[in-house]
Amino acid sequence: MINTMPDTILSVQHLSIDYDGTTPALNNVSFEICAGDKVAMIGPNGAGKSTLMKAIMGLIPTPRSSKIVVDRHRLGYVPQHQTIDWSFPVTVRDVVIMGLTRQIGWLRFPSKKHWQQVDTALERVALSDYGQRQISELSGGQQQRVFIARALGQQAELLLLDEPFAGVDMGAQSDLLQVIDELNQDGLTILLSTHDLTLAFSRFTKVLALNHELVAFGSPDIVSQSSANFLSFYSTN
Amino acid sequence: MAAFWYNLVIAPLEFAFMQRALLAVILVGITSGVMGAFVVTRGMAFLGDALAHSVLPGVAVAFITGNSTQGGLLIGGLVAGILAAIGIGLLTRGQRLREDTAIGIVFAGTLALGIALISTSRTFATDLQHILIGNILSVTAFDLWLMALIGAIVLMTTLLLYKELLLVSFDPTLAQALRLPTESLRIVLLVLLAVTVVIGVQAVGVALIAATLVTPAATARFFVKRLHHMMALSAMIASSCGIVAMYLAWHLNIEASAAVVLTMTLVFLLSFLFAPQQGYVWAWRGKA
């Protein structure tokens, strides 16, 4: 029996993922994220950050001993920049409405109401004027905001962002952070993976340090104290 | 002057086989133009070629049993193409086998089976030539009706599943996260492509059908920003090139299937060079 806090939006219990049967990608990871949290997930390359996100989204099978409690209909995600073909012939509005595919339903076409939802979402990430542009015409930071708008269109309560600052310049990173802050203040819960330790400890309410196992989880102060060895090893590698 | 235009445009249309051939290239152009947009955006050109060759055993059976007209060719190809599409889909399911490996195996295996079957025919060389380069002037009215019916089914299915197919093509991870049946959608797309290939085989043959999937769609991509616009433009380019090519074939006395593909290739090259914003010359002027 797992007891979760009443405002828990994501509960991960004893999560272990083993792809090849030799080295577990994740080993007995347990944590809970509450509504309104803004969590930065840190860890070296190959620490299992993307695997954890995939498991939360239900994209990879998990063993029976593991349990993930989350409302996947209210889950939005922003993929890693390099996983998307940016030259694909779609406009910004086309990308945002993809998040509503289930809501629109099989064999149906988007209605005026759905397109209004798209425009409202684009307004919230300050991209109203870019709706008709092809996705490749936007800068890296703007492209990430389009995916955030897609999650907002889905009426997501929890937003997963997988390395959103990779390949994005400082100005765009600052704009993106501002959007994330505003959405978090409006009640959206954030789980974001990043390599930027300074950012993680200065701009987020909680930090989740991962290296196949959960190294530490909590407020930035607690994590920096309890995992000093990990952080010094991580920051020099 | 009037006689010139009459001889150029109207005279060929006095022959019923030419009228049927023109209708056939229009039907093939529309269907392959639309489906080609998926082939180009998803990087499936190799798959298109493989599906084209995989219809060979079915087409061969139609030829050697003397059913190469009255829809026999289409039905034979349809069965073989759909089986190959499902075969490729199942072999690559769950990434047990890389897609290009599975395609390579099915491609060569079905081609060999097709050749083995045709080699049992006494008119081996003629049959093989018709299958490989098409025989559009032999299209019957019944074939046309069947092409139109099958083409309409392909287009209607694509229209009804458009948003799901678009999502699976652009961001398969979100499609999975939204619990869409991504594997089934992939197999549906493969089957639609196989059916499209079969419709085109009689017109341009097994050897050249992949070009009608790839070249018009690749040309359309220079001019549009959205997938459904690309489909519409690609269909227009493919059909127009088909019409022009039939006249070229008539007046220059060249093989129709080759004329179709050469016309499409020429339009692609012109677009590659001169398309606004995306063309080579535009980019070169921008840098200069």
Report the distance from atom [atom1] of [X] to atom [atom2] of [Y], rounding to the nearest 0.5 Å.
| X | Y | atom1 | atom2 | answer |
| --- | --- | --- | --- | --- |
| A/L100 | A/Q117 | CG | CD | 5.0 Å |
| A/L160 | A/M53 | CG | CE | 5.5 Å |
| A/T62 | A/I56 | OG1 | CD1 | 11.5 Å |
| B/I187 | B/I82 | CD1 | CD1 | 12.5 Å |

Heavy-atom proximity to chain B below 4.5 Å, by part of [X]:
| X | value |
| --- | --- |
| A/I84 | side chain |
| A/S136 | neither |
| A/Y77 | side chain |

Between [options], which residue shows the highest count of heavy-atom pairs closer than 4.5 Å to chain B?
| options | answer |
| --- | --- |
| A/R108, A/K54, A/H73 | A/R108 |
| A/T83, A/V90, A/L75 | A/V90 |
| A/R150, A/R72, A/R133, A/M57 | A/R150 |

Please tell me whether A/W115 and A/F109 form a close aromatic pair, meaning their ring centres lie under 6.0 Å apart.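 So the answer is no for these two rings.
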Note to self: Quick check for you: among B/L166, B/V40, B/L161, which has the greatest number of heavy-atom pairs under 4.5 Å with chain A?
What the structure shows: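 That would be B/L166.
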Is any NZ, NE, NH1 or NH2 atom of the basic residue among B/R42 and A/D85 found under 4.0 Å from an Asp or Glu carboxylate oxygen of the other?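 So B/R42 does not pair with A/D85 through a salt bridge.
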Side chain, backbone, both or neither of B/R221 within contact of chain A (heavy atoms, under 4.5 Å):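 Interface part for B/R221: side chain.
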